[in-house]
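Below is one structure, written out as structure tokens; the observations come after it.
The structure presented is a predicted model; accordingly, all values stated were derived computationally and were not measured.
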Amino acid sequence: IAHFKVNLSGAGLMMSVVAFCGLILGLPSGVVVQKYGIRAIAILAMALSTIGCVVGAIATNYPVFLVSRGLEGIGFTFMALVGPTTAGIWFPPQKVGFVIGLVSTCMGGGGFITMAAAPRIAHIMGGWQSLWWFTAALSFLSLVLVVIFVRMPPWMTAAPTGGPAPQGPSLGAGFAKRNIWLWATAYLCLFFPLA
């Protein structure tokens, strides 16, 4: 607030722009992941997060900082989709719940550690921009780890055996299911007050 000389509404927008990206990209991100694959979108997500953090760290005015938050929001939205999707692909159905629970715990735990550690990091490293540089470094490390380690399961990359490749339900059929919309509404009710 002091650095960019904005009021509380402007400060709220710094957070809300991340949530707004999730709102806008929620449904299209599923289409994008299905078209380009989990690995490519995970790489894109980490690259956008890294770029967003760097732009935020060097931002000299409020509009540029908001753009950086948008880039971070797009990256976060894609990663929030890729994590559980990867679990669903790599693990058998009876173990997916445990893996998604682990991913969710890591996200919540990471958020808690971040909020607890951020003031200390900013104090030690010399200001709020240091948090953005620190996060850029972690995002870049995540990008490198995704490039090195994220692969598709062998059954998805195996050469076809002559017949057509098995196809899951179409996106239209998926969106026509009532439970998907009930789940989305539940998430909206959960995350709306948090944003």
Side-chain angles (χ1 to χ4, degrees), residues 1-26 28-29 32-33 36 38-87 99-150 187 190-195:
I1 291 174
H3 184 82
F4 292 116
K5 298 177 177 57
V6 294
N7 57 22
L8 286 176
S9 296
L13 188 57
M14 292 179 196
M15 298 303 296
S16 297
V17 71
V18 175
F20 185 72
C21 289
L23 177 68
I24 297 299
L25 290 174
S29 64
V32 171
V33 168
Y36 295 104
I38 291 171
R39 186 172 188 272
I41 299 305
I43 290 170
L44 175 66
M46 290 291 84
L48 287 172
S49 295
T50 303
I51 293 167
C53 289
V54 170
V55 171
I58 63 174
T60 57
N61 60 61
Y62 180 70
V64 172
F65 188 75
L66 283 182
V67 169
S68 79
R69 296 294 289 158
L71 292 171
E72 293 167 15
I74 294 168
F76 181 78
T77 298
F78 282 137
M79 277 313 294
L81 178 70
V82 165
T85 303
T86 304
V99 176
I100 292 176
L102 183 61
V103 169
S104 298
T105 301
C106 289
M107 289 179 73
F112 175 78
I113 291 168
T114 299
M115 295 299 177
R120 182 83 175 140
I121 293 170
H123 178 72
I124 291 171
M125 296 177 69
W128 69 265
Q129 290 95 338
S130 62
L131 291 173
W132 264 252
W133 286 116
F134 185 70
T135 306
L138 291 177
S139 295
F140 183 74
L141 175 62
S142 298
L143 171 62
V144 171
L145 293 174
V146 166
V147 169
I148 294 172
F149 292 111
V150 173
Y187 263 80
L190 173 66
F191 287 110
F192 182 78
L194 297 176

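- Atom CZ of residue Phe112 and atom OG1 of residue Thr105 lie 14.0 Å apart, to the nearest 0.5 angstrom.
- One N or O on the side chain of Ser68 and one on the backbone of Phe65 form a donor-acceptor pair closer than 3.5 Å.
- We find the CG-CD1 distance between Leu81 and Ile38 to be 8.0 Å, quoted to the nearest 0.5 Å.
- Between Val18 and Gly73, the closest heavy-atom pair is CG1-CA, 3.8 Å.
- The two atoms that bring Gly126 and Ser130 nearest to each other are N-OG, 4.2 Å, heavy atoms only.
- Val54 meets the side-chain contact (heavy atoms from CB on, under 4.5 Å) test with Trp133, Ala136; sequence neighbours excluded.
- Ala42 and Val82 get closest at one heavy-atom pair: CB-CG1, 3.9 Å.
- If you take CG on Leu145 and CG on Leu138, they are separated by 10.5 Å, rounding to the nearest 0.5 Å.
- More than 12 non-hydrogen atoms from other residues, nucleotides or ligands lie less than 6.0 angstrom from CD1 of Ile124.
- Take Ile43 and apply the side-chain contact (heavy atoms from CB on, under 4.5 Å) test, not counting sequence neighbours, and it matches Arg39, Leu143, Val146, Val147.
- Scored by the side-chain contact (heavy atoms from CB on, under 4.5 Å) test, Phe20 finds Leu23, Ile24 as partners (sequence neighbours excluded).
- Legend: residues meeting side-chain contact (heavy atoms from CB on, under 4.5 Å) with Ser139, ordered by chain and number and at least two apart, are Ser49, Thr50, Cys53, Thr135.
- Listed by chain and residue number, nothing satisfies the ring-ring contact (aromatic ring centres under 6.0 Å, His included) test with Phe134 (two or more places apart in sequence, or in another chain).
- For residues 43-63, there are no salt bridge (charged side-chain N to carboxylate O under 4.0 Å, His left out) pairs, not counting sequence neighbours.
- The structure places CD1 of Ile74 at 5.5 Å from CG of Leu25, a figure rounded to the nearest 0.5 Å.
- Applying the salt bridge (charged side-chain N to carboxylate O under 4.0 Å, His left out) test to pairs two or more places apart or on separate chains, none has a residue in residues 124-144.
- Met14 places a side-chain heavy atom less than 4.5 Å from the side chain of Phe4.
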Give every donor-acceptor pair under 3.5 Å between a side-chain atom in residues 55-64 and any protein atom, sequence neighbours left out.
residue	atom	partner	partner atom	Å
Asn61	OD1	Val64	N	3.0
Tyr62	OH	Gly10	O	2.7

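- For residues 44-72, the pairs satisfying salt bridge (charged side-chain N to carboxylate O under 4.0 Å, His left out) are Arg69-Glu72, with sequence neighbours left out.
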Worked verdict on Asn7 versus Ile1 for side chain to side chain contact (heavy atoms under 4.5 Å, CB included): CA-CA 6 Å; Asn7 57 22; Ile1 291 174; over 6 Å; no
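- The salt bridge (charged side-chain N to carboxylate O under 4.0 Å, His left out) pairs that include a residue from residues 113-136 number zero, where partners must be two or more places apart or lie in different chains.
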